[in-house]
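To start, the structure itself, in structure tokens.
By convention in this document, chain letters (A, B, ...) are assigned in the order of the sequence lines, proteins followed by strands, and residues within each chain are numbered from 1.
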Amino acid sequence: MNIEELSGLPPGALEHFRSEGIEELYPPQAAAVEAGATEGENLVAAVPTASGKTMIAALSMLSAIERGGTALYIVPLRALASEKKAEFEAYEEFGVDVGVTTGNYESTSEWLATKDIVVATSEKVDSLVRNGADWLSELTCVVSDEVHLIDDRNRGPTLEVTLAKLRKLNPQLQTVALSATVGNADEIADWLDAELVDTDWRPIDLQMGVHYGNALNFDDGSTREVPVEGSEKQEAALVRDIVQEGGSSLVFVNSRRNAEAAARRLGQVTSRELTDDERAELVELADEIREDSDTETSRDLADCVERGSAFHHAGLSSTQRSIVEDAFRERLLKVISATPTLAAGVNTPARRVIVRDWRRFDPSAGGMAPLDVLEVHQMMGRAGRPGLDPYGEAVLLAKSHDESQELFDRYIWADPEAVRSKLAAEPALRTHVLATIASGFARTREGLLEFLEATLYASQSTEARRLESVTDNVLDYLERNDFVERDRSGDADDAGAFTSAADLASGGRSEDLEATSLGHTVSRLYLDPMSAAEIVHGLEDADERPTALGLYQLVSRTPDMYELYLRSGEDEKFGELYYEREAELLGDAPSEFEEERFEDWLAALKTGKLLEDWVEEDDEEAITERYKIGPGDLRGKVDTAEWLLGAAESLASEIDSEWTVAVREARARVEHGVSEELLELVSVRGVGRKRARQLHGVGIEEPADLRNADKSVVLGALKGEKTAENILENVGREDPSMDGVEPAESAAAKTAGSNGEDTNGDPTAATESDESQSSLGDF
DNA sequence: ACAAGGAGTTTATAGACAGCATGTC
DNA sequence: CTATAAACTCCTTGT
């Protein structure tokens, strides 16, 4: 189908597509149009990655906009939200306004209401629904990207419930669901009352094969010699082979350590194939990486990058991840060794994809469990760069003939699994039942069950009662914790004479459900009710002002915090820390004889201690080293703690706790990574934990001091005239200019300013080493 | 005497959304 | 229970 045949798009859209070199629609896109994508029809498109799914979404959204509506594009990851936003921003050329909203992006509801297309994560959309954003009911088109993630145990139910709510909010809504090829796309289409486009078609041919011995055998029967030389590993031979042809590769492995080790080894292969220009650019990139964070992980990554190789996993900071992804897309990096993150993330196509490890440690399976077919297909789908590669190759590695055969059977000739809803699990329902009641989607138990009927779970379930019984458990829980009130008076009023069939079936439990004020708060804060209960109990239990550690351990043991594991021997270490600081912890510790719960308690203490180290101004390097984590993990923990403590502050004021201020302070300290004494300084724009410490070391303790202090003292502490001027300007000093000011020796400068406050003038306060040493002693 | 290398043993295991209100070194 | 690479330890060998 030629794009000329399209109708109903905004004027200028066709010119725009043509200018991007799009003339013909790909077959799946044409099929989507024939199914009514541009006419507001519901659609499920189950097609491989990189086969033009985004175009299907674009056609649906643009035609909806042309009809006077607005569109919402739901993605699973923040990084994808930015990627899609950048893509859709090209439509601004013909007057289509695009906005993003995720947890860490600015966004007021009014601002979003003015946009034609809004890109958001599923959780953010859920949150918007809970907070009653009106513009959501004006939506005419919603696109759900990677909808197969409904299968995900943790986050799938959110997507499922959110789609159901959006559709209930606006029955006219056009729903477009984009999915990887899965076993049961038809079931998803049934659920959404949608037309189905289900195809394996790809714009670039994909060859799948297994490497065994010295040969690469493809599914089409062809073979390629890829000899393994000397003691090198299979993946090294495969990477070398393709780099010499000017192609790049992705290697998927099953652990971070393996990713790092593989990247190091593969660096020896790629470094031989670099031009001088490339080498020079890579050195620059490596510097950027080292600059982003001074940790061992960063240094290792930088060392690899200089050789044209990189690793990629969640321990990297988001900046480092982007650096690696961008450099790979620009073909500067020849190979990335990655954990499965990369397969689900932003677009990083490679000529050859090597799936080295097809088994992964899974404690619930009691050992190594094979990856899902879907997951492996997602990785393999990254093969082939449109416009650059003639075809893509996806390779699995086998060490024996038998294994080779198994891999063909298990992954290459196998169909992906069916997507199964995970909604009927208590943790998922706990959150969503409360939200559904709080935001008025259901007012009775029956209404609730009726709403749940509109989910994929209900359409798939053969066990109708299961959802009901889990729902009842959850309602009990919510009532017990004072999030929901059940009003049974309904029975008495309406004189039980008119007992409905539904009541009979459910044992006559007709009742009104209403969220309490606390319940509403919990729902709006987007907390798991269990987290909220833990926090509330913890705060109520505190007789004295809680310490930072107490609060950090409290939020760390919440199900919303993904806790650090205890390594071998650490149970003892943290057991000791526990006895030392037991008095600070909030709530009742489980008995030591309940091994599992006690371990969790200690793991939360470990996470809490990490946060305490952070606010005691230990540096990134020390913390990542001490807890054996990457910079990305540290920032992730801090981020989550910040969010949870923010929520805890709201809860504290909701329950009239006397510790609201203590929580606020603990949150502020985490946000900036500083001790109490620096909180004031750090509120000045341009002053973070490092600069605040420097300033404090010369006796500047609060913003007012900055306005009055001797400029030479400020300059002496800050180094860099520009920064000093900036900061003085931000603090509102009349004459910020540093012209002709000589920096004072920071140790010599004692008290600055005129407020005469004692500074406890410790000349060595500028270095935090004393403190970090003493907290090291805790280990 | 000591480094290098090999054999046997131990160890650890992927990921990342959300409130609110603005800005690190 | 269904694995495996890397890191570590201890021993042997070579110079």
Side-chain angles (χ1 to χ4, degrees), chain A residues 75-79 81 102-108 120-128 130-131 149 152-155 158-159 233 252-262 264-265 291-294 312-315 318 338-345 356-363 365-371 375 399 431 521-528 531 560-562 565 567-569 619-620 628 632-633 635-637 639-640 642-651 667 671-673 682-694 718-720 723 726-727 730:
Chain A
V75 291
L77 299 171
R78 290 178 190 170
T102 65
N104 58 351
Y105 263 87
E106 99 246 27
S107 57
T108 60
T121 54
S122 35
E123 284 76 10
K124 186 65 189 190
V125 177
D126 187 16
S127 165
L128 288 166
R130 294 180 186 199
N131 287 287
L149 289 172
D152 184 280
R153 188 160 295 284
N154 299 315
R155 299 179 56 207
T158 301
L159 179 56
K233 306 245 176 181
F252 284 104
V253 299
N254 64 3
S255 73
R256 293 180 178 190
R257 205 170 57 176
N258 287 345
E260 294 182 12
R264 207 175 309 131
R265 276 197 312 268
E291 215 164 280
D292 174 65
S293 106
D294 183 20
H312 187 288
H313 58 61
S318 53
T339 53
T341 2
L342 201 61
R356 193 192 76 177
D357 300 335
W358 56 280
R359 278 188 275 236
R360 173 176 52 218
F361 182 78
D362 177 3
M368 300 303 276
L371 298 184
E375 220 169 335
K399 282 172 204 60
T431 290
T521 303
V522 172
S523 170
R524 270 187 286 105
L525 288 171
Y526 211 81
L527 279 179
D528 182 329
S531 300
D560 277 308
M561 175 77 89
Y562 189 89
Y565 292 113
R567 297 166 172 273
S568 68
D619 56 34
E620 198 183 24
K628 305 254 185 320
D633 300 302
R635 292 176 202 188
K637 286 284 166 296
D639 204 52
T640 309
E642 209 183 308
W643 165 58
L644 282 171
L645 287 161
E649 188 190 329
S650 303
L651 288 176
R667 193 206 66 85
E671 179 183 351
H672 301 286
V682 106
S683 68
V684 176
R685 186 200 300 211
V687 180
R689 64 199 304 246
K690 295 272 167 66
R691 287 175 185 168
R693 179 47 69 196
Q694 297 296 330
L718 289 174
K719 345 207 168 349
T723 12
N726 258 329
I727 289 170
N730 292 335

Q | A/Asp362: salt bridge (charged side-chain N to carboxylate O under 4.0 Å, His left out) partners, not counting sequence neighbours | A |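 If we apply the salt bridge (charged side-chain N to carboxylate O under 4.0 Å, His left out) test to A/Asp362, skipping adjacent residues, there are no hits.
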**Q.** Contacts of A/Glu260 that satisfy salt bridge (charged side-chain N to carboxylate O under 4.0 Å, His left out) - sequence neighbours left out
**A.**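 Listed in chain order: nothing, the list is empty.
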Counting the atoms with a prime plus P, OP1 and OP2 as sugar-phosphate, which does [X] contact under 4.0 Å by heavy atoms, base, sugar-phosphate, or nothing?
X	result
A/Leu77	sugar-phosphate
A/Gly686	sugar-phosphate
A/Val687	sugar-phosphate
A/Val75	nothing
A/Ala344	nothing

Q) Taking only residues two or more places apart in sequence, or in another chain, which ones meet A/Thr158 in a side chain to side chain donor-acceptor pair (under 3.5 Å)? A)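 For A/Thr158 the side chain to side chain donor-acceptor pair (under 3.5 Å) partners, ignoring immediate neighbours, are A/His432.
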Q | With sequence neighbours excluded, residues passing side chain to side chain donor-acceptor pair (under 3.5 Å) with A/Arg691 | A |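 Per chain and number, A/Arg691 pairs via side chain to side chain donor-acceptor pair (under 3.5 Å) with no residue.
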Q. Short question: side chain of A/Ser127, backbone of A/Glu123 - any donor-acceptor pair under 3.5 Å?
A.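 It does not hold such a pair.
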Q. Using 4.0 Å as the upper bound for N to carboxylate O, is an ion pair formed by A/Arg693 and A/Asp619?
A.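 Salt bridge absent between A/Asp619 and A/Arg693.
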Q: Taking ring pair (Phe, Tyr, Trp, His ring centres under 6.0 Å) as the test, write out the residues that go with A/His313, two or more places apart.
A: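 Checked A/His313 against ring pair (Phe, Tyr, Trp, His ring centres under 6.0 Å); matches are A/Phe311.
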side-chain contact (heavy atoms from CB on, under 4.5 Å) with [X]: which residues, sequence neighbours excluded?
X	result
A/Lys233	A/Glu235, A/Arg265
A/Thr431	A/Arg130, A/Asp528, A/Pro529
A/Val684	A/Val687, A/Pro703, A/Leu706, A/Ile727, A/Asn730, A/Val731
A/Glu620	A/Ser293, A/Thr295, A/Thr624, A/Pro631, A/Leu634, A/Arg635

[X] has an atom [atom1]; how far is it from atom [atom2] of [N], in whole Å?
X	N	atom1	atom2	answer
A/Arg130	B/dC17	CZ	P	16 Å
A/Tyr565	B/dG15	OH	P	11 Å
A/Met561	B/dC17	CE	C1'	14 Å
A/Glu260	B/dT13	CD	P	12 Å
A/Asp633	B/dA14	CG	C1'	11 Å
A/Trp358	C/dT2	CH2	P	15 Å
A/Asp619	B/dT24	CG	P	19 Å
A/Arg685	B/dT24	CZ	P	8 Å

Q | Earlier contact from the 5' end, DNA chain B, for A/Ser568 and A/Asn154 | A |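 Closest to the 5' end, via its nearest nucleotide, is A/Ser568.
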Q | Sugar-phosphate or base contact per nucleotide [nucleotides 3-9 of chain C; S, B, -; heavy atom under 4.0 Å] | A | BSBS---
Would you tabulate the nitrogen or oxygen pairs shorter than 3.5 Å linking the protein to nucleotides 18-20 of chain B?
residue, atom, partner, partner atom, Å
B/dA18, OP1, A/Gly103, N, 2.7
B/dA18, OP1, A/Thr121, OG1, 2.7
B/dA18, OP2, A/Arg78, NE, 2.7
B/dA18, OP2, A/Arg78, NH2, 2.9
B/dA18, OP2, A/Gly103, N, 3.4
B/dG19, OP1, A/Lys124, NZ, 3.3
B/dG19, OP1, A/Ser127, OG, 2.9
B/dG19, O6, A/Glu642, O, 3.4
B/dG19, O6, A/Trp643, N, 3.3

(Q) Expected output check: what is the dot-bracket annotation of DNA chain C, where ( ) and [ ] are pairs inside the strand (brackets for crossing ones), | is paired with another strand, and pairs are Watson-Crick or G-U under 3.5 Å? (A) ..|||||||||||||
Q) What integer number of Å spans the C1' atoms of B/dT13 and C/dT2? A)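 Taking atom C1' in both B/dT13 and C/dT2, they lie 15 Å apart.
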Q) In the structure shown, which nucleotide is the Watson-Crick or G-U wobble counterpart of B/dC17, with both distances under 3.5 Å? A)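 Pair assignment: B/dC17 / none.
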Q: Would you check, one step at a time, whether the test side chain to side chain donor-acceptor pair (under 3.5 Å) holds for A/Tyr526 with A/Asp560?
A: CA-CA 10 Å; A/Tyr526 211 81; A/Asp560 277 308; over 6 Å; no
